[in-house]
Novice: 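I have a structure I would like to understand better, so I am pasting it below and will then ask my questions one at a time.
Read the numbers this way: they start at 1 and go in the same order the structure lists the ligands and their atoms. Given the structure is predicted, the values throughout are model-derived calculations rather than measurements. What's counted below: heavy atoms across the whole structure, side chains too, no hydrogens, waters or symmetry copies.
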Amino acid sequence: MAGPRAREYYRDSLGQRVLFTNRVLMVLLAAEWIGLMVVATTVSPRVWAGTQSSLHPHLWAAILAGPCFILPAIGVALLCPRRALTRHVLAMAQLLISILLSDASGGRIETHFHIFGSLAILAGYNDWRVLLTASLITSADHFLRGIWWPRSVYGVLTVSPWRWVEHVWWVFFEDVFLVLAARNSIRDLRIAANSKARLYEGASHDQLTGLANRRLLQQTFDSWQQGSAELRCAALLFLDLDLFRQTNERLGYAIGDKLLSAVAGRLSGAVGHGATLARFGGDEFVVFLENVSRDEVAIALGQRLLRTLDSPFHVDGQEWLVSASVGVSFYPEHGATLAALQEAADRAMYVAQSRGKNQCVVCSPEVIRTEQNMREIARSLSAAVSSRKFQLAFQPLVYTDGQPAAFEALLRWNHPTHGNVSPSTFVPLLESSGLIVPLGDWVLNEACRCCEHWQRMTGSAAGVTVNVSARQFDQRDYPERVFEALAVSGLRPSSLILELTEGALMQDLDRARSHLLRIREAGVRVALDDFGTGYSSLSYLTELPVDIIKLDHVFVNRELPRKTPILAALIGLAHTLRLQVVAEGVETETQREELTRLGCDYLQGYLFSRPLPPEEVESMLPVGFMPESSLSAPFLLQ
Ligand code: C2E
Ligand code: MG
Ligand code: MG
């Protein structure tokens with residue numbers, strides 16, 4: 001049997017056959033009872049040998065057969081139709097009435113016809129034990145009556161006392177065939193149940209992952225909704241894998257499918273009992289959590305789902321990193337139908353994606369407003385990219401004495417209705433739409449051009465750092481694009497630093513390694529941005545050829561007071577690995593002093609300067625700021 005559903009179908013169809021056979025036997029018993037009375041009144045007196053009429057005992061027997069066993073058997077069949085006992089009771093009643101019929105007709109109603117016919121009908125139960133009961137009754141009857149009233153059994157008076165043995169053999173012979181037929185019929189029922197179950201699974205389960213599909217989830221939701229009236233709270237979690245489309249395109253669909261199955265496996269492990277996990281197609285998964293009394297339970301599940309994807313996946317001998325964004329909606333607050341709940345959770349998920357992915361967001365009026373704004377922004381992004389509506393601002397990275405060492409190029413966009421939109425809002429949108437690739441090229445070229453310009457105008461050696469998103473770095477020809485930007489602008493490679501996040505580097509470690517080697521070989525440096533927010537895996541630091549780590553704001557602001565020893569150890573380790581350390585988000589003098597004491601090489605933050613338009617950078621750099629001789633020395637001296 002293929003599974004529980006197939007077993008259920010099998011039990012159902014067998015049950016149907018049992019009920020049908022019950023009905024046939026009940027009708028037959030009633031008809032035979034009437035027939036018995038007719039035979040007892042009409043045939044019986046004439047066949048009875050002897051002077052005394054046999055009418056009375058046969059008629060009495062016919063009348064009493066009803067209350068004695070026919071009506072009770074029908075009653076049992078009506079009251080407990082599916083019980084095994086019912087089948088045996090009906091079998092006994094059927095055989096007893098057959099016996100009475102052949103007896104009352106003095107053997108004129110052929111015994112064989114009755115016995116064999118009854119066994120054949122009882123075989124409809126597909127239960128050899130019922131045949132056994134019937135056969136035992138037949139054998140006992142033939143043995144007893146065959147000796148004392150052979151005429152009523154065999155229709156003749158003189159008969160060999162061993163004739164009953166012959167009859168029993170015939171019964172046994174028929175039983176063998178009936179059992180074989182029942183076995184075949186059971187096999188057919190099983191085959192039918194299996195294929196029906198497979199059809200059901202196909203229609204209600206996702207082929208690739210084996211999870212429930214949309215249809216089954218709808219059924220689950222409907223039956224939950226029709227169920228208990230008191231418990232009326234539920235949650236729906238909508239999970240979408242971050243940048244999976246790109247991963248799929250890069251890996252090819254065969255590996256993408258394996259990755260999806262592995263993701264589904266981990267998710268179902270994390271979901272546990274009491275919740276339905278469904279795949280909605282592509283890289284979208286939905287969890288329906290019934291009867292959640294507190295919102296925190298659903299949010300905790302969302303976090304658990306995200307955490308379960310944290311460790312890398314191993315597919316086809318390679319390591320892959322997968323993250324997801326989760327949106328949560330609640331019943332009945334956000335909708336009374338599955339579609340409404342799904343839409344609300346989808347909106348929250350969109351906000352989670354736009355806020356930088358790998359997070360869980362709960363639907364709320366504010367989230368809906370944000371989502372609408374985001375969608376509007378997303379719609380106008382493409383036009384803004386093609387009509388070059390973006391500017392660059394530059395924020396200095398300073399030596400510990402406050403002198404600018406380089407400037408980070410940061411995208412700025414002044415939206416016609418939303419005003420200045422934060423890059424943390426529009427960069428993820430640019431990334432998911434792929435627009436970051438052309439715009440990123442523009443940023444790179446523009447940053448190189450500006451840096452070369454201010455170096456030429458002021459004689460400063462301050463370089464420029466450019467943020468590179470995963471999508472850009474993933475381009476096969478990314479190193480060539482960098483070389484071209486350097487060639488067009490005339491900027492020295494040593495003045496350029498590319499900022500990459502761990503996520504971008506770890507998407508495809510082999511490609512990242514080869515890109516990094518080529519870029520660094522040309523003299524361009526690489527910084528690991530936002531260190532402390534993602535995986536912050538020190539082992540990757542040793543594996544990947546990078547030059548600088550940039551400690552994220554979070555590290556500097558939130559962790560600094562609590563984790564000074566960790567930070568000190570991290571900076572020490574970075575220096576041992578010949579990496580330089582930049583602390584981002586420095587806002588106070590205390591932070592500056594502490595980070596300088598801990599050994600940070602460079603600082604960046606509002607304490608020194610906010611991001612500035614390019615013209616202000618030039619005026620910030622004093623002419624001849626760097627001695628002529630150090631111009632050729634690379635910025636951020638090793
Ligand atoms: P990031 O690369 O970590 O950039 C530093 C961010 O921290 C900038 O935010 C900067 O304005 C902000 N910041 C600097 N000092 C302080 C401080 O003292 N306190 C606080 N709270 N924040 C400070 P911004 O400009 O909003 O950029 C946000 C993120 O957007 C950047 O983070 C970067 O990941 C992304 N981004 C910006 N421009 C680009 C770009 O051209 N390409 C790509 N791929 N991403 C970009
Ligand atoms: Mg950066
Ligand atoms: Mg950063």
Side-chain angles (χ1 to χ4, degrees), residues 243 354-357 381 384-385 388-398 404 406-414 419-448 450-451 463-475 478 481-482 485 496-505 507 525-534 536 546 548-558 560 581-592 595 600 602-614:
L243 301 173
S354 319
R355 283 184 185 162
K357 307 184 173 65
L381 257 183
V385 171
R388 295 273 153 79
K389 285 285 185 313
F390 293 87
Q391 292 94 40
L392 282 185
F394 292 91
Q395 187 183 33
L397 285 74
V398 302
F407 290 86
E408 177 170 4
L410 294 162
L411 265 171
R412 293 292 174 260
W413 181 30
N414 196 347
N420 281 325
V421 185
S422 161
S424 26
T425 303
F426 67 79
V427 168
L429 296 173
L430 286 168
E431 279 171 348
S432 51
S433 62
L435 286 168
I436 194 71
V437 176
L439 194 63
D441 280 347
W442 174 81
V443 172
L444 178 68
N445 282 286
E446 189 63 8
C448 288
C450 290
C451 183
V464 73
T465 81
V466 173
N467 291 290
V468 182
S469 81
R471 198 83 189 258
Q472 288 174 270
F473 198 64
D474 210 31
Q475 303 289 307
Y478 188 71
R481 293 175 190 229
V482 176
L496 176 65
I497 294 174
L498 299 178
E499 293 193 11
L500 286 143
T501 56
E502 281 167 290
L505 290 174
Q507 288 241 325
R525 247 91 36 79
V526 176
L528 205 52
D529 202 0
D530 304 341
F531 193 80
T533 51
S536 305
V546 296
I548 301 152
I549 60 170
K550 292 187 80 179
L551 300 177
D552 191 70
H553 307 218
V554 184
F555 235 132
V556 172
N557 292 314
R558 214 183 312 146
L560 186 56
V581 181
V582 179
E584 289 186 87
V586 184
E587 292 181 356
T588 65
E589 267 305 327
T590 326
Q591 285 173 347
R592 172 199 192 147
L595 291 161
C600 279
Y602 304 93
L603 307 171
Q604 182 183 4
Y606 295 161
L607 179 68
F608 309 102
S609 169
R610 291 205 166 247
L612 305 166

Novice: Are side-chain heavy atoms of V437 and Y478 found at a separation under 4.5 Å?
Specialist: no

Novice: If we only consider heavy atoms of G440, is any one of them less than 4.0 Å away from an atom in ligand 1?
Specialist: no

Novice: I'd like to know: is the Mg ion (ligand 2) within the 2.8 Å range of an N/O/S atom from N467, strictly under that distance?
Specialist: yes

Novice: Can a non-hydrogen atom of E431 be found less than 4.0 Å from any atom of ligand 1?
Specialist: no

Novice: For residues E446 and P614, determine if any side-chain heavy atom of one lies less than 4.5 Å from a side-chain heavy atom of the other.
Specialist: no

Novice: Whether the side chain of Q472 engages the backbone of S469 through a donor-acceptor N/O pair (distance < 3.5 Å, no angle test) should be reported.
Specialist: yes

Novice: In terms of residue, atom name and distance, what is the protein heavy atom nearest to atom 30 (O) of ligand 1?
Specialist: P423 CB, 3.3 Å

Novice: Provide, to 0.1 Å, the distance between atom 38 (N) of ligand 1 and the closest protein heavy atom, together with that atom's residue and name.
Specialist: L411 N, 3.1 Å

Novice: Using atom types as modelled and distance alone, determine if a side-chain donor or acceptor of R471 lies under 3.5 Å from a backbone N or O of E431.
Specialist: yes

Novice: Would you say the side-chain atoms of Q591 pair up with the backbone N or O of E587, donor to acceptor, closer than 3.5 Å?
Specialist: yes

Novice: Applying a 4.0 Å heavy-atom criterion (strictly less than), which segment of T501 is in contact with ligand 1: side chain, backbone, both, or neither?
Specialist: neither

Novice: Salt bridge check, E408 against K550: does any charged N sit closer than 4.0 Å to a carboxylate O?
Specialist: yes

Novice: Going through the checks in order, is the side chain to side chain contact (heavy atoms under 4.5 Å, CB included) test met by I548 and Y602?
Specialist: CA-CA 10 Å; I548 301 152; Y602 304 93; 6.0 Å; no

Novice: Report, in ascending order of atom number, the atoms of ligand 1 lying under 4.0 Å from any heavy atom of D529.
Specialist: 1 (P), 2 (O), 3 (O)

Novice: Starting from atom 11 (O) of ligand 1, what is the nearest protein heavy atom, named by residue and atom, and what distance separates them?
Specialist: P611 CG, 3.5 Å

Novice: Considering only heavy atoms, does E408 approach ligand 1 within less than 4.0 Å through its side chain, its backbone, both, or neither?
Specialist: side chain

Novice: With nothing but distance in play, are any N or O atoms of D552 less than 3.5 Å from an N or O of ligand 1?
Specialist: no

Novice: So which heavy atom on A504 is nearest to which on L500, and how close?
Specialist: CB-CD2, 4.2 Å

Novice: Determine the sole option in V421, V427, L439 for which the side-chain contact (heavy atoms from CB on, under 4.5 Å) test with W413 is passed.
Specialist: V421

Novice: Taking only heavy atoms of V586, which atoms of ligand 1 are found under 4.0 Å from at least one of them?
Specialist: 18 (O)

Novice: Report the part of H553 (side chain from C-beta onward, or backbone N, CA, C, O) that has a heavy atom under 4.0 Å from ligand 1; answer both or neither where that applies.
Specialist: side chain

Novice: Has D529 got an N, O or S atom lying less than 2.8 Å from the Mg ion (ligand 3)?
Specialist: yes

Novice: Run R525 and T465 through side chain to side chain contact (heavy atoms under 4.5 Å, CB included) and show every step you take.
Specialist: CA-CA 9 Å; R525 247 91 36 79; T465 81; over 6 Å; no

Novice: Can you figure out which of N467, V427, L607 has its heavy atom closest to atom 33 (C) of ligand 1?
Specialist: N467

Novice: In the structure I gave you, are the side-chain heavy atoms of W442 and L411 within less than 4.5 Å of one another anywhere?
Specialist: yes

Novice: Identify the protein heavy atom lying closest to atom 18 (O) of ligand 1, giving its residue, its atom name and the separation to 0.1 Å.
Specialist: Y606 N, 2.8 Å

Novice: Minimum heavy-atom separation for G605 and Q395, please, with both atom names.
Specialist: C-NE2, 3.7 Å

Novice: Stepwise, does the side chain to side chain contact (heavy atoms under 4.5 Å, CB included) test hold for L496 with V482?
Specialist: CA-CA 10 Å; L496 176 65; V482 176; 3.8 Å; yes

Novice: Nearest N/O/S atom of E499 with respect to the Mg ion (ligand 2), by atom name, please.
Specialist: OE1

Novice: Identify the protein heavy atom lying closest to atom 31 (C) of ligand 1, giving its residue, its atom name and the separation to 0.1 Å.
Specialist: L410 CD2, 4.3 Å

Novice: What's the shortest distance from atom 19 (N) of ligand 1 to any protein heavy atom, and which residue and atom give it?
Specialist: E587 OE2, 2.4 Å

Novice: Just jot down the ligand 1 atoms closer than 4.0 angstrom to any heavy atom of G605, in number order.
Specialist: 15 (N), 18 (O)

Novice: Has E408 got an N/O/S atom less than 2.8 Å from the Mg ion (ligand 2)?
Specialist: yes

Novice: Answer yes or no for R610 and Y606: cation-pi contact, defined as NZ/CZ to six-membered ring centre under 6.0 Å and angle to ring axis within 45°.
Specialist: yes

Novice: Report yes or no: does R412 have a heavy atom closer than 4.0 Å to ligand 1?
Specialist: yes

Novice: Is there a side chain to side chain contact (heavy atoms under 4.5 Å, CB included) between L498 and F473 once you walk through the steps?
Specialist: CA-CA 10 Å; L498 299 178; F473 198 64; 5.5 Å; no

Novice: Classify the contact between L392 and ligand 1 as side chain, backbone, both or neither, using a heavy-atom distance cut-off of under 4.0 Å.
Specialist: neither

Novice: Could you tell me which N, O or S atom of D530 is nearest to the Mg ion (ligand 3)?
Specialist: OD1

Novice: Provide, to 0.1 Å, the distance between atom 5 (C) of ligand 1 and the closest protein heavy atom, together with that atom's residue and name.
Specialist: E584 OE1, 3.5 Å

Novice: Any protein heavy-atom neighbour for atom 9 (O) of ligand 1 (distance below 4.0 angstrom)?
Specialist: no

Novice: Shortest non-hydrogen contact from A447 to A409?
Specialist: CB-CB, 3.9 Å

Novice: For atom 15 (N) of ligand 1, grab the closest protein heavy atom and report residue, atom and distance to one decimal in Å.
Specialist: Q395 NE2, 2.9 Å

Novice: Under a 4.0 angstrom heavy-atom cut-off, which atoms of ligand 1 come close to V443?
Specialist: 41 (O)

